[in-house]
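Remarks on the structure that follows.
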Amino acid sequence: MLQSARGGVPSSRVTPGILGLAAIRAAPQLLGWVLCRRLPEGVVKLKIVETEAYHQDDPASHSFRGQTARTAPMFRVGGHLYVYFTYGRHYALNIVTGPAGRGEAVLLRAAEPLESIEIMQQNRKLTDVKKLAAGPGRLAQAIGINDTTLTGKLLDLLSIYLEPPKKSVRSNEIIVSPRIGITKAAHQPWRFYLKDNPFVSKL
DNA sequence: TTCCCGATTGTA
DNA sequence: ACAATCGGGAAC
């Protein structure tokens with residue numbers, strides 16, 4: 001699925017294999033993909049190292065109580081973006097994964113800076129590379145997301161897109177654990193991260 | 001219209 | 001350990 005776009009073929013340039021894929025299956029498969037964001041200063045790139053799945057029958061999910069103006073993007077077909085504002089200060093970026101009408105998405109929780117690191121350091125007003133994108137709010141800020149203009153938009157070469165993993169990720173490198181910062185369905189093992197990777201938000 | 005609280009982070 | 005800070009959505 002997500003392995004399809006290898007060899008420089010820009011076929012799935014915009015959407016890997018997440019189209020119509022359940023969030024719980026898409027979340028681990030997104031690990032290793034390179035998140036790319038085109039900014040006025042240059043293109044920043046980061047390897048996705050930590051994700052969480054949220055779906056419609058999940059009490060912790062924004063889509064649980066049905067579609068609203070804010071959550072509408074979650075109900076679009078996979079490949080759309082869902083950006084929300086939380087705690088009065090932070091933005092979080094999700095990649096929508098379900099079929100249209102389903103309300104599923106993967107929260108990007110942490111990433112390893114690869115290219116244009118200086119730009120991300122400026123965005124974060126911080127030099128420590130390990131903390132540039134270790135956490136959903138930090139990740140969003142690092143790639144210049146300071147509002148919700150991207151929510152409801154499609155992954156798109158002109159602004160934000162994904163590139164295939166440089167090295168394929170083996171399943172035994174993926175750690176599964178409960179999600180962070182939630183109170184409902186807190187025991188569900190729907191968080192995924194790369195084993196021993198120093199850029200994850202927490203161990 | 002009011003009230004509660006959150007898919008977090010930086011500081012003490 | 002805790003405050004900061006504000007909007008979504010349930011409740012009244």
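Proteins come first, then strands; the chains are lettered A, B, ... in the order of their sequence lines, and each starts at number 1.
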Report the distance from atom CD of A/Glu52 to atom CD1 of A/Ile24, rounding to the nearest 0.5 Å. 12.0 Å
What nucleotide, of B/dA7, B/dT8, C/dA10, holds the atom closest to the side chain of A/Leu107? B/dA7
Please determine, by modelled atom types, if A/Thr148 and A/Thr151 share a side-chain donor-acceptor pair under 3.5 angstrom. no
From the list C/dG7, C/dG9, C/dA10, which nucleotide is the closest neighbour of the side chain of A/Arg70? C/dG9
Watson-Crick or G-U counterpart of C/dT5, or none if no pair lies under 3.5 Å: none
Atom CZ of A/Phe192 and atom P of B/dA7 are separated, to the nearest Å, by 18 Å
Check if the side chain of A/Tyr84 and the base of B/dA7 share a donor-acceptor pair of N or O atoms closer than 3.5 Å. yes
Taken to the nearest whole Å, CZ/A/Arg179 to P/B/dA7 is 10 Å
Does the ring of A/Tyr54 lie flat against the base of B/dA7, closer than 5.5 Å centre to centre with planes under 30°? yes
So, A/Tyr84 versus A/His62, ring centres under 6.0 angstrom or not? yes
Would you indicate what A/Ala60 reaches in the nucleic acid, counting non-hydrogen atoms under 4.0 angstrom: base, sugar-phosphate, or nothing? base
Touch check for A/Ile182, heavy atoms < 4.0 angstrom, all strands: base, sugar-phosphate only, or nothing? sugar-phosphate
